[in-house]
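Worksheet: the structure to be examined is printed underneath.
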Amino acid sequence: QVQLVESGGGLVQAGGSLRLSCAASGRTFSIFVMGWFRQAPGKEREFVAGFSQIGVSTDYADSVKGRFTISRDSAKNTVYLQMNSLKPEDTANYFCAAGFGTKVLTARGGYAYWGQGTQVTVSS
């Protein structure tokens, strides 16, 4: 079993920055593919950014490329999402996820474990 706990969400003005953290516990962190998803009210949960196993490769949704950066600190069993140049359309509940495999997973169904989410609100 794996437990994921997100933190770092909040209210920020458009153009601002936030860094989300996802602390993992329960199993060896390095064996997982990690990802960030988000879900806005009335919308489907969508892929934002992800790591392959061991963090060799990354992938991003087109809507966040150049603005968001995913990183991981294996010593701390933590994954981060640095979000810059935030826009009102980035407002959503952000979820951390862990899955099995080797390549970046962009599909929600590829992930076995999910955190509870952290709310990000960007005001215009």
Side-chain angles (χ1 to χ4, degrees):
Q1 190 65 291
V2 175
Q3 293 78 44
L4 303 172
V5 179
E6 303 97 333
S7 61
L11 174 64
V12 64
Q13 288 188 332
S17 298
L18 283 174
R19 188 177 79 157
L20 306 183
S21 300
C22 171
S25 61
R27 289 188 64 177
T28 304
F29 180 67
S30 62
I31 70 172
F32 292 107
V33 172
M34 302 296 296
W36 285 96
F37 285 70
R38 66 186 181 186
Q39 188 167 16
K43 295 188 176 181
E44 295 290 319
R45 191 171 297 189
E46 64 176 1
F47 173 78
V48 175
F51 259 123
S52 64
Q53 189 186 46
I54 311 175
V56 173
S57 300
T58 58
D59 197 8
Y60 297 89
D62 288 342
S63 59
V64 307
K65 281 181 181 176
R67 300 188 298 122
F68 291 11
T69 303
I70 189 171
S71 61
R72 66 196 291 170
D73 185 336
S74 295
K76 296 182 178 180
N77 284 356
T78 301
V79 175
Y80 303 97
L81 185 67
Q82 178 66 43
M83 305 186 296
N84 298 328
S85 302
L86 283 161
K87 305 175 181 180
E89 50 263 43
D90 294 320
T91 295
N93 201 3
Y94 283 71
F95 297 88
C96 176
F100 299 103
T102 56
K103 298 180 180 180
V104 178
L105 301 173
T106 60
R108 178 180 175 180
Y111 290 86
Y113 303 102
W114 292 85
Q116 294 299 307
T118 184
Q119 179 68 36
V120 171
T121 302
V122 184
S123 63
S124 58

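In this chain, residues are counted from 1 in sequence order.
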- salt bridge (charged side-chain N to carboxylate O under 4.0 Å, His left out) against K65, all qualifying residues, sequence neighbours excluded: D62

- Query: Counting only N and O atoms by type, is there a donor-acceptor contact under 3.5 Å from the side chain of E6 to the main-chain atoms of Q116?
  - Reply: yes

- Item | Rounded distance (nearest 0.5 Å) linking atom CD of Q82 with atom CG of L20 | 8.5 Å

- Message: With side-chain hydrogen bond (donor to acceptor under 3.5 Å, both in side chains) as the rule and sequence neighbours excluded, what pairs involving residues 9-24 come up?
- Response: S17-N84

- Item | Where P88 and S124 come nearest, the two heavy atoms and their spacing | CG-CB, 3.8 Å

- Task: List in chain and number order the residues that pass side-chain contact (heavy atoms from CB on, under 4.5 Å) with A112, two or more places apart in sequence or in another chain; answer none if no residue qualifies.
- Result: F100

- Among all residues two or more places apart in sequence or in another chain, which pass the side chain to side chain donor-acceptor pair (under 3.5 Å) test with Q3? S25

- Minimal heavy-atom distance between C22 and W36, with the atoms involved, is CB-CZ2, 3.6 Å

- Message: Run the side-chain contact (heavy atoms from CB on, under 4.5 Å) test against A98 and tell me which residues pass, sequence neighbours left out.
- Response: L4, F32, M34, Y113

- Query: Got a sec, which residues hit ring pair (Phe, Tyr, Trp, His ring centres under 6.0 Å) with F37, two or more places apart in sequence or on another chain?
  - Reply: F47, Y111, W114

- Quick one: are T91 and Q119 in side-chain contact, heavy atoms under 4.5 Å? yes

- Should I70 and Y60 count as side-chain neighbours, where that means a heavy-atom distance under 4.5 Å? yes

- Query: Quick one: side-chain contact (heavy atoms from CB on, under 4.5 Å) partners of A23, sequence neighbours excluded?
  - Reply: T78

- Task: State the CG-CZ distance between D59 and F51, to the nearest 0.5 angstrom.
- Result: 12.0 Å

- Task: May I ask whether V12 and Y80 are part of the same hydrophobic cluster, defined by side-chain heavy atoms of I, L, V, M, F, W, Y residues being less than 4.5 angstrom apart, directly or through others?
- Result: no

- State which residues pass side-chain contact (heavy atoms from CB on, under 4.5 Å) with T102; sequence neighbours excluded, sorted by chain then number. Q53

- Tell me, please, which residues at least two apart from E46 pass salt bridge (charged side-chain N to carboxylate O under 4.0 Å, His left out). R38

- Message: Would you compute the distance between atom CG of L18 and atom CZ of F68 and round it to the nearest 0.5 angstrom?
- Response: 9.0 Å

- Query: Listed by chain and number, what are the side chain to side chain donor-acceptor pair (under 3.5 Å) partners of R67, not counting sequence neighbours?
  - Reply: D90

- Nearest heavy-atom pair of A40 and A92: which atoms, and what distance? N-CB, 3.9 Å

